[in-house]
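Numbers restart at 1 for each chain; the letters A, B, ... are given by sequence-line order, proteins then strands.
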Amino acid sequence: MRYWLLKSEPDTFGIADLAKAKASTTSWEGVRNFQARNMLRDEIKAGDLAFFYHSSCPEPGIAGIVEVVRGGYPDASAWRRGSPYLDAKSPQNKPLWYTVDVRLQQRIEPLLSLAALRSHADGALADMLLLRRGNRLSVTPVSAAQWRFILSLMR
DNA sequence: GCCAACGTTGGC
DNA sequence: GCCAACGTTGGC
């Protein structure tokens with residue numbers, strides 16, 4: 001089993017929305033980047049754990065922990081009428097984009113801020129993709145060591 | 001709102 | 001296959 005970090009803009013879908021969702025579960029729809037798509041489709045499996053990260057907001061950071069309850073499957077938002085994620089290049093019979101289902105395991109309150117993570121950028125989190133300059137990927141792998149270290153920051 | 005970084009597109 | 005133009009991301 002593996003660990004991940006999933007970014008979302010809280011204005012669009014934040015940890016509070018996940019907490020309110022049916023069975024605290026949501027489909028991680030709308031990823032439209034090929035590198036991230038490949039991870040959703042091929043690598044992320046049921047049973048994996050992920051940090052739920054808030055981006056593009058006043059206080060970016062890790063807002064919760066989610067469990068993957070369904071691995072990669074076609075993202076229906078690409079062909080759903082009226083969807084903001086509509087993509088004509090991804091018809092139902094030839095899906096281009098993929099999603100996974102995640103269930104809220106634990107909210108992190110207060111949120112573990114990006115600044116707090118960054119303060120370890122020269123140490124335990126030196127290789128963390130999130131902290132890399134120019135990183136924009138909305139799905140990134142997290143190593144077991146990074147995962148454990150970040151959990152220790154939450155206590 | 002600014003701007004650096006990076007992905008995608010499309011002409012050649 | 002190259003690369004300029006353009007769009008998007010996301011912290012600040």
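Within the 3.5 Å criterion, the main-chain N or O of A23(A) finds a donor-acceptor partner in the side chain of T25(A).
When each of W4(A), F52(A), Y98(A), Y85(A) is tested with W28(A) by the rule ring-ring contact (aromatic ring centres under 6.0 Å, His included), just one qualifies, namely F52(A). Among the candidates L137(A), T140(A), L130(A), the single residue satisfying the side chain to side chain contact (heavy atoms under 4.5 Å, CB included) test with K7(A) is L130(A).
Relative orientation of the Y3(A) and W147(A) rings is parallel, given thresholds of 30° and 60° on the angle between their planes.
Between the side chains of S27(A) and Y73(A), at least one donor N or O lies within less than 3.5 Å of an accepting N or O. Counting only N and O atoms by type, the side chains of S77(A) and R32(A) include a donor and acceptor under 3.5 Å apart.
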Exercise for review: Start with the C-alpha gap between D87(A) and L96(A), add the side-chain angles, then the distance that decides, and say whether side-chain contact (heavy atoms from CB on, under 4.5 Å) holds.
Suggested key: CA-CA 9 Å; D87(A) 184 353; L96(A) 180 62; 4.1 Å; yes
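A salt bridge does not link R37(A) to D75(A): none of the charged side-chain nitrogens sits closer than 4.0 Å to a carboxylate oxygen.
Nucleic acid contact for R32(A): none, since no nucleic acid atom lies under 4.0 Å from a heavy atom of the residue.
For DNA chain C, the residues of residues 48-57 of chain A within the heavy-atom distance limit of 4.0 Å (strictly under) are Y53(A), S55(A), S56(A), sorted by number.
Counting 5' to 3', DNA chain C first comes under 4.0 angstrom of a heavy atom of chain A and last does so at the ends given by dG7(C) to dC12(C).
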